[in-house]
Amino acid sequence: MSEPEELPQREQRESTKKKKKTKRSGKKKKEQREGEEQVEFEQEVQSVSECVVLHGIFKLGKKSHDVLLTRTKLTWTPIIPENPTGETGVPQSGEVLLQDIFAVKVKRRRAAGQESGGPVLGVALFWCRRKGRRLEEDTLHLHNASSEHTHTWYNTLKELLTGFSNRPTNLKVFINPSSHKKEAVHIYRDHVAPLFKMADIRTDITVTERKGHVLSVIKECKLDEYDGVVCVGGDGSVAELCHALVLRAQLDADSPEKPVRATLPLGIIPAGSTDVVSCSVHGVRDPVTAALHIVLGHLQQVDMCSFSSHGQLVCFGFSAMFGFGGRSLARAEKKRWMPSSRRREYALVKTLARLRPEDCQLSFLSARKSNSNLFVQRDKDQDQDQDPKSEGEESWVTNQGLYLSISIMSIPCLSPHAPQGLAPNTSLANGSAALIAVGNTSRSEFIKHLKRYSSSTGQFNFSFVETHAVSAVKIRPCSLIGCSEDESEEEGDLKTTPFIHAEGTTFPWNIDGELVEIANEVLIRVHPRLITLYGEEVEEAESSVSCSCI
Ligand SMILES: Nc1ncnc2c1ncn2[C@@H]1O[C@H](COP(=O)(O)OP(=O)(O)OP(=O)(O)O)[C@@H](O)[C@H]1O
């Protein structure tokens, strides 16, 4: 290109550049202005919410205090009389946030047996104090004998508390009386019902009579009468209720194929033996903490999986284990007569003693880039075996081989045994699940891998363990005609001999702690934020136990 021609082009380019620069700086200024306006608006909102709504004098304990109520908190400062010596102590003031107050009552002096009336003493505020991951109930007594003063404060506080729209006023409660040590009814009656009553929550209770009872009630009941559902039980009961809520949403939306987000949030009062779902949203296995999360309306969206086989939905749930986890549960179920903790230890030890890999085809769809770097890198040798296939826009990765255990978990599965969870690198609502595939190895190496879950470090740093963030998984066990699993006590060379199955035999799966026998390929899909649970995301569970059996 000749020079005279190039010049006007260069000028044009430069003028375009200048225009872009001016446009960019204009855009920057606009953004800055908008940012400043946003800050001003937030400050205004803050100052409105910090405006004093009420100011009064109450006795806290024996001392008179200045009490201030704003839209967000209540603060108190002792009134210190003037000292002739001029010395003043440091006033012990305090505050409680309104978001932590779950009930307010008028206090009255009553004789024993008197049910109503009586002179006014003041107001009592019931609030929730945090101790680590635990929530505990506390009470603040504000004494003032003036009925008018007390009622003004009571009515104002009540009105402010109605502003927390996530708090339930009407709950459907399911209690599984057979969970774990059969204590669910007592746990509800002793620890939960009093808190619900205090918070003026109405409840409609069903004590379940059998497996499947929850589903039949949920299918029929008028859900729009409730603000939420509560499950008092173990992981099996929780999964059954979540499954029922999603199915009901699907039915209501007339969506036979596609899972539909459950309309009501679910609160979980732990009464099972491990309670990993409850632990994953509370950080502790504590009925009071669980009940306070419900009462205060702390909501957390949570991913779920659908499990299907041959195009038929098996169930919705949070976690599944194939191989070691499934076989161990199947063994435990055969010893139902044993106490549950002994049963589990027995099954674990026995399954370890007879450890054998499963021969199967494992396929998975990686979660989108944003979620996929959550895990440690795969072993390079294993990567070479991968065979990416296309299925529409989805690109499946398939491996065929021997696996000791395959787990798929859409939540971290925290428990006191594994404080950072069985799947520490996934979170409650990241739209993906953790796939943890443990290839064939020696028993001692496998035990080393299992043991590291309790210390939460390095459980995936083995060449035989691969982990991925996935949006779907397919597991197809290989059936070989002729033999079935040898249940004899003979060990032989178990560690290299895979389970050999007759065509049509079923495979034990551990889905949310429940034994499910499935004969064919299982397809697991992750459904982001399919359910809302009462609770919050927690990093680590309180750990109080250690497993002594391995
Ligand atoms: N009255 C009942 N009798 C027997 N089983 C019941 C009853 N009510 C519910 N079930 C079923 O019991 C199964 C297990 O319940 P759940 O998970 O609460 O107890 P668990 O197995 O002892 O606890 P975990 O799963 O923590 O070990 C669920 O699938 C549930 O459907």
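Counting starts at 1 for both ligands and their atoms, following the listed order.
Within the listing of ligand 1, atoms 1 (N), 2 (C), 3 (N) sit less than 4.0 angstrom from a heavy atom of Glu209. Using a 4.0 Å cut-off to heavy atoms of Gly234, the atoms of ligand 1 that qualify are 16 (P), 17 (O), 18 (O), 23 (O), 26 (O). Below 4.0 Å from some heavy atom of Ser179 lie the following atoms of ligand 1, by number and element: 16 (P), 18 (O), 19 (O), 22 (O). In the vicinity of Thr274, heavy-atom distances shorter than 4.0 Å reach the ligand 1 atoms 26 (O). Close contacts between ligand 1 and Gly272 involve ligand atoms 23 (O), 26 (O) [criterion: under 4.0 Å to a heavy atom]. Atoms of ligand 1 found under 4.0 Å from any heavy atom of Gly233 (numbered from 1 in listed order, with element): 18 (O).
No option in Val230, Val238, Val214 other than Val214 meets the side chain to side chain contact (heavy atoms under 4.5 Å, CB included) test with Phe174. When each of Val284, Leu414, Leu428 is checked for a side chain to side chain contact (heavy atoms under 4.5 Å, CB included) with Val538, only Leu414 meets the rule. Checked options Lys335, Arg336, Arg331; the residue passing with Glu333 is Arg336 (criterion: side-chain hydrogen bond (donor to acceptor under 3.5 Å, both in side chains)).
Inclusion of Asp512 in the set of residues having an N or O under 3.5 Å from an N or O of ligand 1 is not warranted.
With a 4.0 Å cut-off on non-hydrogen atoms, His213 does not touch ligand 1 at all. Contact annotation for Glu240 and ligand 1: only side-chain heavy atoms (C-beta onward) come within less than 4.0 Å of the ligand.
Here the protein heavy atom with the shortest distance to atom 5 (N) of ligand 1 is Ser178 OG, 3.4 Å. The nearest protein atom to atom 24 (P) of ligand 1, hydrogens excluded, is given as Ser273 OG, 3.3 Å; this is a heavy-atom distance. Looking only at protein heavy atoms, the nearest one to atom 14 (C) of ligand 1 is Glu514 OE2, 3.5 Å. Regarding atom 15 (O) of ligand 1, its nearest protein heavy-atom neighbour is Asn176 ND2, 3.0 Å. Protein heavy atom nearest atom 1 (N) of ligand 1, with residue, atom name and distance: Thr208 O, 2.9 Å. Protein heavy atom in closest approach to atom 17 (O) of ligand 1: Gly236 N, 2.8 Å.
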Can Ile269 and His191 be said to form a side-chain contact (heavy atoms from CB on, under 4.5 Å), step by step? CA-CA 10 Å; Ile269 307 296; His191 302 288; over 6 Å; no
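Checking side-chain atoms of Arg285 against main-chain N and O of Cys279 turns up no donor-acceptor pair under 3.5 Å.
For Tyr403, there are no ring-ring contact (aromatic ring centres under 6.0 Å, His included) partners two or more places apart in sequence or in a different chain. For Tyr534, the ring-ring contact (aromatic ring centres under 6.0 Å, His included) test picks out no residue, with sequence neighbours left out.
Heavy-atom proximity to atom 29 (O) of ligand 1, evaluated over Lys211, Arg285, Lys182, His180, is greatest for Lys211.
Looking only at atom types and distance, the side chain of Lys172 has a donor-acceptor partner in the side chain of Thr206 under 3.5 Å away.
Atoms CG and CD, on Leu313 and Glu257 in that order, are 10.5 Å from each other to the nearest 0.5 Å. Put simply, CD on Glu542 and OG on Ser415 are 12.5 Å apart, with the number rounded to the nearest 0.5 Å.
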